[in-house]
Amino acid sequence: MINKLILLNKKPKLNCLFYLNICILIFIIIFISLVKTYDSYTIVAINECENECNLNIVLPYNKIDILDNALVDINHNLYSIKSITYNEVTENNGIVFQNIALKTELQEESTRIYKIKLLKNKQRIIKKIAKVMKEG
């Protein structure tokens, strides 16, 4: 009878695994809130060197604003944009495109085709997640 009373009055202990899961969750939340990331736009560019080396790209007209304060990522190397030259405008299937020449720190004398990323808007991941949740 006394053993039954002891068992009924005994409070259950939380498992050590429970505390470990809580610590891992807190670590993941802290990590996500501190890491910064960029918005990226992947495009093909042609490196042409006549007098100066320029990356020639073609962007839809509504995407031109991503060049403001952007970085160029070529093979995991970041280059800043020194100057932007806007060339002719073309239309294809109702979409207006702008030919653009970017002068960067990349100095290769050969004509090459690169797959580049335009990086912009460095923010913390948690802010980007909150922004997406507010929009949709």
Taking C-beta and beyond as the side chain, do [X] and [Y] meet within less than 4.5 Å on heavy atoms?
{"X": "K103", "Y": "T85", "result": "no"}
{"X": "L59", "Y": "Y41", "result": "yes"}
{"X": "L55", "Y": "I74", "result": "yes"}
{"X": "Y38", "Y": "L71", "result": "yes"}
{"X": "L102", "Y": "L67", "result": "yes"}

Between [X] and [Y], is there shared hydrophobic-cluster membership here, with clusters defined by ILVMFWY side-chain heavy atoms closer than 4.5 Å?
{"X": "Y79", "Y": "I113", "result": "no"}
{"X": "L78", "Y": "L118", "result": "no"}
{"X": "V89", "Y": "I95", "result": "no"}
{"X": "I26", "Y": "I29", "result": "no"}
{"X": "I100", "Y": "V58", "result": "no"}

Quick check on side chain to side chain contact (heavy atoms under 4.5 Å, CB included): which of V72, V44, I116 does I57 satisfy it with? I116

Other residues, nucleotides and ligands only: do more than 12 of their heavy atoms fall within 6.0 Å of OH on Y86? yes

Is it true that atom CG of N69 has more than 12 heavy atoms of other residues, nucleotides or ligands lying nearer than 6.0 Å? no

Can a donor-acceptor pair be found between the side chains of N56 and E48 at a distance below 3.5 Å? yes

Check: D39 main-chain N/O paired with K117 side-chain donor or acceptor under 3.5 Å: no

